[in-house]
Amino acid sequence: MFCLKAINYVLQYALKKPYGVLYKKNINWIYLARLLSLMSNPFNVLRKNITRPFEDQTSLEFFSKKSDCSLFMFGSHNKKRPNNLVIGRMYDYHVLDMIELGIEKFVSLKDIKNSKCPEGTKPMLIFAGDDFDVTEDYRRLKSLLIDFFRGPTVANIRLAGLEYVLHFTALKGKVYFRSYKLLLKKSGCRTPRIELEEMGPSLDLVLRRTHLASDDLYKLSMKMPKALKPKKKKNMSQDTFGTTYGRIHMQKQDLSKLQTRKMKGLKKRPAERLTDDQEKKSKRIKNN
């Protein structure tokens, strides 16, 4: 069991996020789940009866549809699986992915005494370890963590606002979750020197059970609806760097009548002038 006082202190500094997370609390320590979300309007559901997400998912799907939540987090503690944390996401109000994690070590904000980031700061996510790219379970866990912590979508980013880093390391069957504050120091040049200062909280997680969707269902869940797809604009295209190019359709131009800069080297010779005059006279005679 984790220290309840430390977790209550963590709650005073809970980070704000865009809505969409459903929490289910079984015992006191799972108030930690509030900190692990960046949602501004989470829904808290307290259930006194026993809930087992991997055996029966009907209650999760019911509260997801009732609260219109696509992400959920469930905490429990028992002798077989102590300090248990289940995170998952929904598709069409049905469980899509669900991963069970065990918390082996927890360090709160109170234990690390230094300056903290302000509430609502958009975090930068860093994933280290080959397992996040090779193993399917860790690949889905990475995608799930990105959905939880990515925060709101913004058009512009201010350099001074990049001060919160969440680092996830997969090593020897464990996932190490660390949070840092980014410090911009003077470097003597235009580019500042960057330092990372741990501010908490930090967790050592162990991957226990997984419930992953099939490849076909996973692809279907990632399909963008037609209403949200941007409409194609005619005669406009973009390259890989995001530069927009436009195509303009014009009538055929007579380049011989195009006025250019007058230069001595471009002046016609007397013989060329005589031939041009003769051609003009012949055209007039034909027209008459």
Side chains of [X] and [Y], heavy atoms from C-beta outward: is any pair under 4.5 Å?
X      : Y      : value
Leu184 : Ile194 : yes
Leu71  : Met90  : no
Leu96  : Leu217 : yes
Lys223 : Lys219 : no
Ile87  : Phe72  : no
Leu101 : Val206 : no
Leu196 : Leu183 : no
Glu61  : Tyr93  : no

May I ask you to check whether [X] and [Y] show a side-chain donor-acceptor distance below 3.5 Å?
X      : Y      : answer
Asn235 : Lys233 : no
Tyr218 : Asp97  : no
Arg89  : Ser143 : yes
Thr58  : Asp56  : yes

Report the residue from Leu203, Asn83, Asp204 that forms a side chain to side chain contact (heavy atoms under 4.5 Å, CB included) with Lys105.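 The option that passes is Asp204.
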
Between [X] and [Y], does at least one N-O distance fall below 4.0 Å, as a salt bridge requires?
X      : Y      : result
Glu198 : Lys181 : no
Glu55  : Arg209 : yes
Lys142 : Asp133 : yes

To check you understand the geometry: which heavy-atom pair defines the closest contact between [X] and [Y], and what is its length?
X      : Y      : value
Pro201 : Leu109 : N-CD2, 3.9 Å
Leu162 : Leu182 : O-CD2, 3.4 Å
Thr243 : Asp239 : N-OD1, 2.7 Å
Tyr176 : Leu171 : CE1-O, 4.0 Å
Leu60  : Pro53  : CD1-CB, 3.6 Å
Lys113 : Lys110 : CG-O, 3.8 Å

For Met236, does the CE atom sit with more than 12 other heavy atoms under 6.0 Å from it, leaving out its own atoms?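 Above 12, so yes.
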
Got a sec: does the CG of Asp130 have more than 12 other heavy atoms crowding it under 6.0 Å?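 Incorrect, the count does not exceed 12.
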
Between Leu85 and Met73, does a side-chain contact (heavy atoms from CB on, under 4.5 Å) hold up when you go through it step by step? CA-CA 7 Å; Leu85 190 67; Met73 182 177 292; 3.8 Å; yes

Over 60° means perpendicular and under 30° means parallel, so tell me whether Phe54 and His211 are parallel, tilted or perpendicular.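 Geometry flag for His211 against Phe54: perpendicular rings.
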
Distance, nearest 0.5 Å, that separates CZ of Phe106 from OG of Ser202: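 Rounded to the nearest 0.5 Å, the CZ-OG separation comes out at 8.0 Å.
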
So Leu125 and Leu145, side-chain contact (heavy atoms from CB on, under 4.5 Å) or not? Walk me through it. CA-CA 9 Å; Leu125 305 180; Leu145 291 173; over 6 Å; no

Go through it in stages, so that I can follow the logic: the residues are Val175 and Leu207, the test is side-chain contact (heavy atoms from CB on, under 4.5 Å), and I'd like the CA-CA distance, side-chain angles, deciding distance and then a yes or no. CA-CA 8 Å; Val175 178; Leu207 194 65; 5.7 Å; no

